[in-house]
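Throughout, a chain's letter reflects where its sequence line sits, starting with A, and its residues are numbered from 1.
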Amino acid sequence: MVKLVFLWTDALLYVLVATVLLSAWYIRSHEHLRAPWREVLHSRLGVAAMVVLAAYVTIGLLDSVHFRMPAGGRAADGAERYSGRVLSVLDLILTPLRTHEEETYSAPLATRLYTKETVELPDGRDVRIYPRLRYGGAQLRDPARERIPDILHTVLRGAVFALVLWAALLALVVARLARRHRWRVLHALYRVLSGRTEHPWNVALYTAGALILFGSVTGHLAVHYHVFGTDKVGQDVFYETLKSIRTGLVIGTLSTLVMLPLAIVLGITAGYFRSWVDDVIQYLYTTLNSIPGVLLIAAAILMLEVYMANHPQNFQTVIARADLRLLFLCIILGITSWTGLCRLLRGEALKLRELDYIQAAQAFGVGHTKILTRHILPNVMHIVLITVVLDFSGLVLAEAVLTYVGVGVDPTTYSWGNMINGARLELARDPVVWWSLAAAFVFMFGLVLSANLFADAVRDAFDPRSGTTRGPGSGRRDVGA
Amino acid sequence: MIAYIIRRILYAVPILIGVNLITFVLFFSVNSPDDMARMQLGTKRVTPQAIQMWKHDHGYDKPLLYNAAQRGVDRFTDTIFFQKSVRLFAFDFGRSDSGRDIGSDIRQRMWPSLAIAVPVFVVGLLTNITMALLIVFFRATYLEVSAVVLSVVLMSISSLFYIIAGQYIVGKLMHLVPISGYAGGLSAFKFLVLPVVVGVISGIGSGTRWYRTIFLEEFGKDYVRTARAKGLSELRVLFRHVLQNGMVPILTGAMVILPLLFMGNLILESFFGIPGLGSYTIDAIQSQDFAIVRAMVFLGSVLYIVGLLLTDISYTLVDPRIRLR
C-alpha cells in the first residue's frame with residue numbers, strides 16, 4: 001500500500017474545501033443567501049470564469065493528495081519501506097511527463113535537442129550535431145519527414161476525442177434541462193445552444209469545450225512530445241507549469257484564509273465597541289500597515305531562513321521544508337493584507353451598530369457576543385467574501401514578484417515565479433529559449449484573468465452599489481506594483 | 001491648522017515606536033545575533049571565536065535590552081536595542097553588515113529612484129485619467145465594453161511580463177535603448193525611457209478601471225443632472241464638472257503614495273539595473289544584509305506615515321466640510 005503524506009498546506013486546503021462545501025450546502029437552503037449567487041450564475045463572464053477556475057482547482061486539488069510509493073522490500077523490523085520521494089495524484093496521472101527527462105533544452109514539440117553536442121559516430125569520428133531526444137518524438141524513424149504529419153495526426157485525434165467528450169457533456173446538460181422543464185430534446189438542445197436558458201449554459205459549455213479541446217490535444221501530444229519544450233535540466237515545462245498551479249492556488253487562497261479569523265474578530269469588535277478597543281485595534285493595524293509590505297515579507301522570510309539554517313533537524317524532507325516555507329509565506333502575506341479587510345469591517349460595524357435592529361437587540365438586553373455573532377457578523381459576510389475573491393488574483397501575481405525578489409517560495413517548489421525567474425536568463429541566450437516564459441505566462445494569465453472576471457461578477461452581485469469594497473486593491477499596496 | 005498638523009505628527013510617534021519594536025523583535029528576538037552570524041559565516045565548522053569576531057565587528061556583541069556590565073545611563077544605551085533601533089529615530093542608520101554607511105548610500109541612491117518613480121507616477125496618473133475619461137465619454141457603447149475588458153486583461157498580466165517583454169522587444173530586438181544600466185546627468189534619459197514606459201503600461205489596467213468607477217460615480221450625482229438640464233454640452237459637463245470633482249478623490253488618494261516614491265520601485269530598478277533605493281533593498285535582501293533591510297523598513301514606515309499625514313491635510317484643504325479634529 002502507499003503511505004499517505006499530509007503536508008501543512010494540504011491539510012489547510014482540505015479544511016478550505018470542506019468549508020466551501022458546507023457553506024454551499026447551507027446557502028442552498030437559505031433563499032436570501034442564494035439570491036446573489038444566482039445572479040453570479042446569470043452573468044456570462046462570471047460563469048465562463050467559474051468553469052476555468054474549476055479546471056484549475058481540480059488540478060490543484062489532485063496535486064494536493066500526497067503519498068509515498070512502496071520502495072519494495074522490508075526494513076529490518078518488518079515494516080514496509082517507502083521511497084523517499086513524495087508524489088501526488090497529479091504526478092501519477094502525469095507520469096509520462098514527469099519521467100520523460102531529456103538532456104537539456106529542447107523546443108516545444110521538437111525531436112532534437114536545442115544545443116549542439118559532440119557525438120561519437122560508430123566509426124570513431126566525432127561530429128557536432130543536434131542529438132535526438134530520448135523521448136520527444138522517439139517513435140519516429142525519420143523525424144524530418146514524419147514529425148509534422150505525426151503532430152497533425154495527434155492533434156486531430158485529440159480534437160476528435162475532445163469532441164466526443166464535449167458531446168457527452170452537452171447531452172448530459174440537455175437531458176437534465178429537458179427533464180426539469182419537460183421540454184422536447186431537440187427544443188432543449190436549441191435552447192441550450194442559443195443561450196435561451198435561465199443560466200448561460202451555452203457559455204459554460206463553450207468554455208468547457210475550449211478547455212477540453214486544449215486538455216485533450218495537449219494530453220495526446222504530451223505522450224510522445226514535450227508540448228512546451230524542456231528546461232535547462234531537461235524537465236518537461238508543461239509538467240512544471242501544471243505543478244505550479246497548486247502553488248498559485250495555495251498562495252491565493254490560504255493567505256487570506258489564514259488571517260480571516262483575526263481580521264473579522266478585530267474588525268467587528270473595533271467597530272462595535274468603539275472607545276479604547278477601537279483605539280488599540282486601529283493602532284495595531286496602522287502600525288502593521290505602515291511597514292511596506294515587501295519589506296515586512298522580506299524581513300520575515302529572512303528570519304525564517306536563518307531559523308531553518310540553524311535548525312536543520314526539524315525539516316526531514318526537502319518537500320516538508322519547501323511546504324513550510326510556502327505556508328509561512330502565506331501567513332506573512334496574510335499579515336500584510338488583513339489590515340485592509342479589518343478596516344472595511346470596522347467601518348461597516350460602525351454603521352451597523354447605529355441601526356435600529358441592533359439598538360433594539362441592545363435594549364432587550366441581548367449580550368454583546370450574541371449581537372456580534374447573530375446580528376453583525378452575518379451582515380458583513382458579503383464584504384469578507386468579496387475581499388477574499390478580490391485579493392486572490394493579486395496574491396497570485398504577488399507570488400511571482402516576491403519569488404523574483406528572492407523572498408517568495410522555496411527555489412525547489414514549482415511555481416510561476418520560479419519559472420519566470422529562470423526565464424530571464426534564458427531570454428538572454430542566443431537563440432532565445434522562450435517556451436518556459438510562454439508556458440508560465442499562458443497558465444498564470446488564465447488563472448488571474450478568470451479570477452478577476454469571477455471577482456467582478458461576485459462583487460456586482462453582492463455589493464451592487466460597490467460602495468464599500470471598490471478600491472485599487474484593498475490590502476496590497478506595493479507588492480504587485 | 002498648524003495645531004492640527006502638530007497633533008497628527010504626535011499621533012505618528014506611537015506608530016513609529018510600534019514599527020521599531022516589531023522590527024526589533026523580528027530581527028533580534030526571533031533569531032539571536034549568534035544565529036545571524038552563523039548564517040552569514042556558513043553553518044559548517046564555525047568556531048565560536050569567528051562568531052564572536054563577526055558580532056564584535058558589527059556591534060552585535062552587546063546585551064539586547066539591559067547591559068549590567070556598564071554603569072549609569074550606559075546600562076541602557078550600550079545595548080543592541082539602543083544602538084541599532086533607537087538610533088533610527090534620529091535617522092542614524094549606522095553601517096550595513098558589509099561595512100558601508102547606510103545613510104550616505106540612501107542619500108546617493110534616492111536620486112536615481114526619484115528619476116524613475118516620479119515620471120512613472122506623473123505620466124501614469126495622466127494616462128490613466130485620460131483613458132478613464134475617454135471610456136466614460138463613450139459609455140454605454142461597444143467601445144466602453146471592449147476598453148473595460150481590455151483593462152481587466154491588462155491588469156491580469158504580471159508586471160514581470162511587461163518588463164521582460166519591454167526589454168526583449170525594445171532593447172534586444174529593436175536596439176532602441178540599452179537593456180539596462182544607468183548614467184548620471186542628461187545621458188540618463190536613454191536609460192530611463194523604457195523603464196518609465198513599462199512602469200506606466202503595467203499600471204494602466206488597474207488605474208484606468210479604478211478612475212473609471214470614480215468618474216462614473218460622479219456622473220450619477222445630482223449636479224451632473226442639473227448641469228445637463230441647464231443645457232451644457234456633454235463635453236463641457238465632462239471636463240468642467242465631472243473631471244474637477246472626480247479629481248478630488250484621485251488626488252487625495254495619490255497623496256499617500258507620494259512620499260513612498262523615495263523608496264523607488266523594487267522590480268523596475270532591479271530589472272533595469274538602476275542604482276536606486278529599490279535595487280538597494282533587493283540587493284540587501286538577496287545578500288541577507290539585515291542592517292539595510294532594517295533601515296529600509298523604518299524609512300518606508302516613516303514615509304508611509306508622512307503620506308497619511310499628507311492625505312489628511314489634503315482632504316481638509318479640498319473639502320471644507322471635513323472638520324479639523
Locate the shortest heavy-atom distance separating B:G300 from A:P292; write the atom from each residue and the value. CA-CG, 3.6 Å
Distance in Å, [X] [atom1] paired with [Y] [atom2], rounded so as to fall on 0.5 Å steps:
X      : Y      : atom1 : atom2 : value
A:I291 : B:S301 : CD1   : OG    : 5.0 Å
A:L437 : B:F161 : CG    : CZ    : 5.0 Å
A:Y283 : B:I15  : OH    : CD1   : 7.0 Å
B:L160 : A:M419 : CG    : CE    : 13.5 Å
A:L295 : B:T23  : CG    : OG1   : 11.0 Å
A:L453 : B:S156 : CG    : OG    : 6.5 Å

Engaged part of [X] at the chain A interface, taking heavy atoms whose separation is under 4.5 Å:
X      : answer
B:S270 : both
B:M155 : both
B:F298 : neither
B:I285 : both

Near A:Y285 OH, under 6.0 Å, is it more than 12 heavy atoms from other residues, nucleotides or ligands? yes
Considering only heavy atoms, which portion of [X] lies under 4.5 Å from any heavy atom of chain B: side chain, backbone, both, or neither?
X      : value
A:V405 : both
A:L447 : neither
A:Y404 : both
A:V432 : side chain

Out of [options], return the one with the most heavy atom pairs under 4.5 angstrom to chain A.
options                : result
B:G253, B:P14, B:G207  : B:P14
B:G220, B:G18, B:A284  : B:G18
B:I214, B:L299, B:V152 : B:V152

Sub-4.5 Å side-chain heavy-atom contact between B:L308 and A:T286: yes
Check whether any side-chain heavy atom of A:L288 sits under 4.5 Å from a side-chain heavy atom of B:I22, and report yes or no. yes
Full working for side-chain contact (heavy atoms from CB on, under 4.5 Å) between B:M263 and A:V294: CA-CA 12 Å; B:M263 300 285 288; A:V294 181; over 6 Å; no
